[in-house]
Protein chains: 2
Amino acid sequence: MEQRTYNQYCATARTLDLVGERWTLLLIRELLTGPKRFGDLQASLRGLGTGLLAARLKHLEREGLAHKITLPPPARTPAYALTEAGEELGPPILELARWGLKWAMGERRETETFHPGWAVLGLRACFDDAAAAGLRAVYEFRIDDEVFHARIDDGTIEALHGPAQHPDATITISQEAFLRLTGQGLTLTEAIETGAASTSGDSEALHRLKGLFRLPPSHPRKADRPAS
Amino acid sequence: MEQRTYNQYCATARTLDLVGERWTLLLIRELLTGPKRFGDLQASLRGLGTGLLAARLKHLEREGLAHKITLPPPARTPAYALTEAGEELGPPILELARWGLKWAMGERRETETFHPGWAVLGLRACFDDAAAAGLRAVYEFRIDDEVFHARIDDGTIEALHGPAQHPDATITISQEAFLRLTGQGLTLTEAIETGAASTSGDSEALHRLKGLFRLPPSHPRKADRPAS
DNA sequence: CGGCATCCATTTTGATACTG
DNA sequence: CAGTATCAAAATGGATGCCG
């Protein structure tokens with residue numbers, strides 16, 4: 001069963017041969033915030049059946065982009081994690097996300113699903129290295145029933161699923177409000193003032209947090225605007 | 001005919017809804033080096049039939065990523081060009097190309113096609129902004145029967161199909177050798193020494209040219225290496 | 001040449017039922 | 001849960017044929 005290829009000696013085409021099939025980049029997006037189990041992956045990717053998910057995971061394993069692991073005790077359950085090559089698809093994916101933030105976001109549609117992890121990735125996409133120069137802090141985000149943490153270290157950011165070991169500050173916020181932080185121009189300050197978010201921990205770290213992310217100016221395409 | 005969507009309120013997914021279908025990103029890659037005619041696009045994309053090409057182009061038009069233009073006299077023939085939104089897919093595509101250069105290139109396979117324009121994009125992917133600080137120069141590349149030009153201006157690069165207006169220097173090189181400049185670690189100096197390339201024009205500009213591009217260290221995935 | 005329409009063989013996908 | 005097996009629906013590719 002030969003797999004389909006563009007048959008082009010071109011770096012972009014070769015990359016798309018590996019990760020350009022439907023669902024593949026979104027699967028990697030899920031794994032960018034940390035290892036995930038089969039069931040969690042499927043729950044995040046509505047419309048992707050178990051058969052195709054299994055096939056995609058097998059493909060990623062075969063190509064050395066992900067591997068199957070066993071979660072540490074007491075879980076001991078199987079999960080999937082990215083390899084180094086897989087992790088390095090982060091920059092291209094974030095670049096696609098930046099484009100989307102600028103040209104394709106707008107309002108959430110009725111039929112669209114949403115998971116806090118996506119907005120966490122949105123934070124990474126909006127992260128302003130320059131503004132984080134000299135800062136070293138760990139933040140924990142509690143969004144409805146999911147927990148993430150972001151480790152900022154002098155211009156770099158790492159954002160993963162799960163609690164932080166020693167957070168400098170903790171932000172508790174509703175999923176609803178959190179998606180507006182990246183999707184629309186809502187600021188953390190405003191979210192706190194309206195009671196949608198609450199914070200605790202080092203107030204200096206919290207103050208710095210507010211300036212770390214810069215949304216690209218949203219610029220809907222002609223096709224997105226309602227016909228006149 | 002409802003178009004398929006991931007139905008996720010996520011910048012990456014929204015982007016892939018627009019450009020994630022088969023051929024679409026490669027089509028945009030072709031247009032990144034300048035407007036192209038229907039026939040030229042099809043010639044570059046072996047395996048893409050006229051029907052699907054027409055459908056993809058229509059989709060890009062509808063979504064405001066490309067538009068149909070009429071080439072200036074004396075050509076007067078129709079062609080397709082990117083809109084601003086389409087142009088801005090350059091960074092994500094170059095990021096995918098950088099990943100591919102590092103993790104997926106290796107030797108050219110027998111069945112793979114190749115076009116100089118792809119390697120020109122490879123140059124953009126390898127461009128080192130810092131090394132180009134303070135440089136302002138226009139280079140013309142003549143690769144077999146195709147001509148490109150690159151305009152460098154203080155850390156920025158623009159690489160387009162077609163001759164330059166007032167090139168500071170001209171590089172004539174075989175397609176064969178040119179693809180090794182980005183695909184393998186061949187340096188321009190070596191290419192000249194072996195007679196695969198010749199240059200003319202401002203020698204200072206030519207000297208600066210040699211330091212402008214940095215290949216990522218090639219790092220084949222486990223799956224790429226032959227089984228032991 | 002540019003571009004759409006049609007027909008058809010193959011793949012890919014989506015959805016669901018089923019097994020350890 | 002994790003993952004296979006199965007089947008129907010959709011997307012692709014390739015070959016033409018047509019029309020300005």
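Residue numbers start from 1 in every chain, and the chains themselves are labelled A, B, ... in the order their sequence lines are given, proteins ahead of strands. It should be emphasised that the depicted structure is a prediction, and the values quoted were computed from it without experimental measurement.
- A:His59 places its NE2 atom 15 Å from the C1' atom of C:dT11, with the value rounded to the nearest Å.
- The side chain of A:Arg37 sits closest to D:dC1 out of C:dT13, C:dT11, D:dC1.
- No engagement by A:Arg46 is indicated, since no non-hydrogen atom pair under 4.0 Å with the nucleic acid exists.
- The separation between A:Leu71 atom CG and D:dC1 atom P is 13 Å, rounded to whole Å.
- One can place CG of A:Leu57 at 14 Å from C1' of D:dT4, the figure rounded to the nearest angstrom.
- Remark: the B:Thr50 side chain and the C:dC4 base include a donor-acceptor N/O pair separated by less than 3.5 Å.
- Computed from coordinates, the B:Leu60 CG to C:dG3 P distance equals 14 Å when rounded to whole Å.
- Set against C:dT11, D:dG3, C:dG3, the side chain of B:Lys68 has C:dG3 as its closest nucleotide.
- Between A:Arg4 and the phosphate of C:dT10, there is no side-chain N or O to OP1/OP2 separation shorter than 4.0 Å.
- Taking 4.5 Å as the limit, some side-chain heavy atom of B:Cys126 sits within range of a side-chain heavy atom of B:Leu101.
- Here the side chain of B:His161 pairs no donor or acceptor atom with the backbone of B:Leu31 at under 3.5 angstrom.
- Within a heavy-atom distance below 4.0 Å of DNA chain C, no residue of residues 17-35 of chain B is found.
- Note on B:Gly49: nothing from the nucleic acid sits closer than 4.0 angstrom, heavy atoms only.
- Mapping A:Leu52 and A:Gln42 onto DNA chain C by nearest heavy atom places A:Leu52 closer to the 5' end of the strand.
- Closest contact between the side chain of B:Phe38 and the listed nucleotides D:dG3, C:dG2, D:dG13 involves C:dG2.
- A:Gln8 and B:Arg29 share a donor-acceptor pair across their side chains, judged by distance under 3.5 Å alone.
- A donor-acceptor pair under 3.5 Å is formed between the side chain of B:Glu140 and the backbone N or O of B:Ala164.
- A cation-pi arrangement, defined by a distance under 6.0 Å to the six-membered ring centre and an angle within 45 degrees of its axis, is present between B:Arg22 and A:Tyr6.
- One finds no side-chain N or O of B:Tyr6 lying less than 4.0 angstrom from the OP1 or OP2 phosphate oxygen of C:dT13.
- Within the structure, every side-chain polar atom (N or O) of A:Lys58 is placed at least 4.0 Å from both OP1 and OP2 of D:dA2.
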